[in-house]
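This report refers to the structure that appears directly beneath it.
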Amino acid sequence: MKTIHIYTLVTAFLSITLGFSQQTPAPKQSKTIAITGATAHIGNGTVINNSIIIFENGKLINVADMANVKPNLQGMEVIDASGKHVYPGFIIPNSTLGLVEIDAVRATDDDAELGTWNPHIRSLIAYNAESKVVESMRPNGVLLAQITPRGGRISGTSSIVQLDAWNWEDAAVKNDDGIHMNWPSNFTRGRWWLGEDPAMKANKNYDTQVSEVEDWFKGTKAYMNGSKSPKHLPYEATKGVLDGTKTLYIHVDDEKGITDAVNFSKSHDIKSTVIVGGYEAHKVADLLKKNKIPVLLQRVHTRPSLADDDYDMPFKLAKLLTDKGVVVALEASGQMERMNSRNLPFYAGTTVAHGLTKEQALQLITQNPAKILGIDEHYGTLEVGKSATLFISEGDALDMRTNILTHAFIDGRLLSLETHQTELWKRYSKKLESND
């Protein structure tokens, strides 16, 4: 009797596990594939209305207008995409995808480390490639992500991954691309739960906190110029932003903070700096352009931060910065950021309604993030020699009504677009049909 009970429990467990298991990562491309007839959005502003796209061994070997070429398609797998659209895979920077699965379950939360100075903490090794949330990105065309830690003054080191993998080693596209630092805020709010006035007020400790950041980088330089004994892991990790092998991502929103952060970067001769958030970046756009500092812009679908801001300020920030010549990409940090990351294309679509062209908006989530993250040699645009990381949509992929994917590829591998959510949709659709 005991054996039967155990067998029953094991069978039930396996049934539940298999019922909600992740999609198996796609196998390596084995046959040359040609996509014909689609409107191809290259990602650099170019559009080919009647295109042919051919890729083999995970690389694009032909991207052209069908009217100008007569390729021999014999032996290829041909996908007729007439009336449809082809896009480069969308890229979500500054993301905690795969670091937290369920907010209310602490055991699944691994996006922040204890302590203030954590440049040596590597987000990549905590990345869960089998996350159900990660899987749900693909049906909207989000195929690459920068996995970024949170917390502290220096949060840790990010890495770029592709979103169809067995584990973090398979997922990695670029290891340890940069260090993330939270710049001190010029303003603070009172702790209402302690009876303090919750209104916004000047941060009296701002100068002290900036001095601490200065001291950290001075300490790193002193360590690097010394005997390096005993080995100091946090300083060792920080040296990458000083020797140019890593990017320094400075998370800051206010005008003075951005200005101070840029001047700090210049004073330490940091070769690659990116502003993350940048709510008031448009006020110092000339400074950013002069110093060739791009911006990973805060989530578009949000409310204005200040009472006297224009009601549509978050919607038009990308336009204001783009017009000034600043390189801009969109990110989605904030409340429910992992789930909201799948809305990345629709954030870009909103910027179209506030001044950008559709191809400019597309660049915010393809070419521009690829450049900022240092992966543009292989990703971000549909160009010969680059990775065949792309998808086919029935309509405009920046519009939630017509972003309907039929095919998606990462490095030429044909992905499954099934997820836990699509399974539930099918399940309850059948229930509704049966009720009819």
Side-chain angles (χ1 to χ4, degrees), residues 92-97 99-100 111-113 115-123 145-160 176-189 203 205-206 209-210 212-214 216-217 234 237-238 240-241 246-266 268 270 272-285 287-288 291 293-300 302 305-306 314 317-318 321 326-335 337-338 340-341 347 368-369 372-374:
I92 178 76
N94 186 36
S95 170
T96 53
L97 283 170
L99 299 183
V100 182
D111 67 340
E113 190 59 75
T116 304
W117 308 96
N118 295 314
H120 57 303
I121 298 301
R122 303 177 65 219
S123 62
Q146 180 194 39
I147 306 306
T148 306
R150 300 282 188 254
R153 182 62 67 206
I154 295 183
S155 305
T157 303
S158 59
S159 292
I160 297 49
D176 306 326
D177 70 296
I179 287 175
H180 292 254
M181 178 170 68
N182 297 301
W183 191 259
S185 175
N186 278 282
F187 300 95
T188 185
R189 289 186 182 276
N203 178 10
N205 298 318
Y206 178 77
Q209 293 167 351
V210 171
E212 290 172 350
V213 173
E214 291 279 359
W216 179 266
F217 280 83
T238 307
V241 300
K246 292 181 182 177
T247 296
L248 179 61
Y249 295 90
I250 304 179
H251 296 240
V252 57
D253 283 310
D254 62 278
E255 179 182 0
K256 176 173 169 48
I258 294 171
T259 301
D260 289 347
V262 171
N263 290 334
F264 164 84
S265 178
K266 290 170 60 179
H268 287 278
I270 295 173
S272 178
T273 302
V274 176
I275 296 298
V276 182
Y279 181 74
E280 294 188 339
H282 62 289
K283 297 180 179 180
V284 290
L287 176 68
L288 295 172
N291 291 281
I293 295 178
V295 176
L296 297 180
L297 195 60
Q298 65 153 55
R299 188 188 301 177
V300 172
T302 190
S305 294
L306 303 176
L317 280 174
L321 289 168
V326 178
V327 177
V328 181
L330 302 183
E331 53 107 356
S333 61
Q335 189 175 25
E337 64 179 79
R338 289 162 294 283
N340 275 307
S341 293
Y347 298 157
N368 289 2
I372 293 170
L373 303 182

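All of these numbers come straight from a predicted model, not from anything done at the bench.
Taking all atoms of both residues into account, the shortest heavy-atom contact from I275 to L288 is CG1-CD2, 4.0 Å. Taking each heavy atom of S341 and I92 in turn, the nearest pair found is OG-CG1, 4.1 Å. A pairwise comparison of heavy atoms in I372 and A329 identifies CD1-CB, 3.8 Å as the closest pair. Across all their heavy atoms, P119 and W216 have their closest contact at CG-CZ2, 4.0 Å. Residues V252 and A261 share a closest heavy-atom pair of CG1-CB, 4.4 Å. For L97 against A145, the heavy-atom pair with the smallest separation is CD1-CB, 4.1 Å.
For S123 (side chain) and I147 (main-chain N/O), a donor-acceptor pair under 3.5 Å exists by modelled atom type. For the pair N291 (side chain) and I293 (backbone), a donor-acceptor distance under 3.5 Å is absent. The backbone N or O of G152 sits less than 3.5 Å from a side-chain atom of N182, completing a donor-acceptor pair.
Scanning for salt bridge (charged side-chain N to carboxylate O under 4.0 Å, His left out) contacts around D260 gives K256, with sequence neighbours left out. In this structure, the side-chain contact (heavy atoms from CB on, under 4.5 Å) partners of K283, at least two apart in sequence or on a different chain, are E255, E280. T302 meets the side-chain contact (heavy atoms from CB on, under 4.5 Å) test with Q298, P314; sequence neighbours excluded. Taking the side-chain contact (heavy atoms from CB on, under 4.5 Å) definition, one finds that T148 meets it with N94, Q146, R150, S158, H180, sequence neighbours left out. Under the salt bridge (charged side-chain N to carboxylate O under 4.0 Å, His left out) criterion, D253 pairs with no residue, sequence neighbours left out. Remark: D176 pairs with R122, T157, S159, K246 by the side-chain contact (heavy atoms from CB on, under 4.5 Å) rule, at least two apart or across chains.
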* **F264 and F217: CA distance, side-chain angles, deciding distance, ring pair (Phe, Tyr, Trp, His ring centres under 6.0 Å) verdict** => CA-CA 10 Å; F264 164 84; F217 280 83; 5.0 Å; yes

* Mind running side chain to side chain contact (heavy atoms under 4.5 Å, CB included) on Y347 and R299 for me, showing each step along the way? => CA-CA 7 Å; Y347 298 157; R299 188 188 301 177; 3.4 Å; yes

* side chain to side chain contact (heavy atoms under 4.5 Å, CB included) between K266 and V262: does it pass, once the steps are laid out? -> CA-CA 6 Å; K266 290 170 60 179; V262 171; 4.1 Å; yes

* Asked: Yes or no on side-chain hydrogen bond (donor to acceptor under 3.5 Å, both in side chains) for T116 and R153, after CA distance, side-chain angles and deciding distance?
  -> CA-CA 5 Å; T116 304; R153 182 62 67 206; over 6 Å; no

* Steps toward side chain to side chain contact (heavy atoms under 4.5 Å, CB included) verdict (T247, I179) -> CA-CA 6 Å; T247 296; I179 287 175; over 6 Å; no

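No side-chain N or O of Q335 forms a donor-acceptor pair with one of N340 less than 3.5 Å apart. Donor-acceptor pairing under 3.5 Å is recorded for the side chains of D254 and N186. Between the side chains of S155 and N118, not a single donor N or O lies within less than 3.5 Å of an accepting N or O. Between the side chains of S95 and E337, not a single donor N or O lies within less than 3.5 Å of an accepting N or O.
With contacts defined as side-chain heavy-atom distances shorter than 4.5 Å, the pair P234/W117 does not qualify. When side chains are defined from C-beta on, V295 does not count as touching V274, because their heavy atoms never get closer than 4.5 Å. For the pair T273/Y249, no side-chain contact is recorded, criterion being any heavy-atom separation below 4.5 Å from C-beta on. Put simply, the side chain of M181 reaches to within 4.5 Å of the side chain of L248, judged on heavy atoms.
Put simply, OG on S185 and NE2 on H251 are 14.5 Å apart, with the number rounded to the nearest 0.5 Å. To the nearest 0.5 Å, atoms CD1 (I250) and CD1 (I258) are separated by 10.0 Å. Expressed to the nearest 0.5 Å, how far CD1 of I160 lies from CG of L373 amounts to 4.5 Å.
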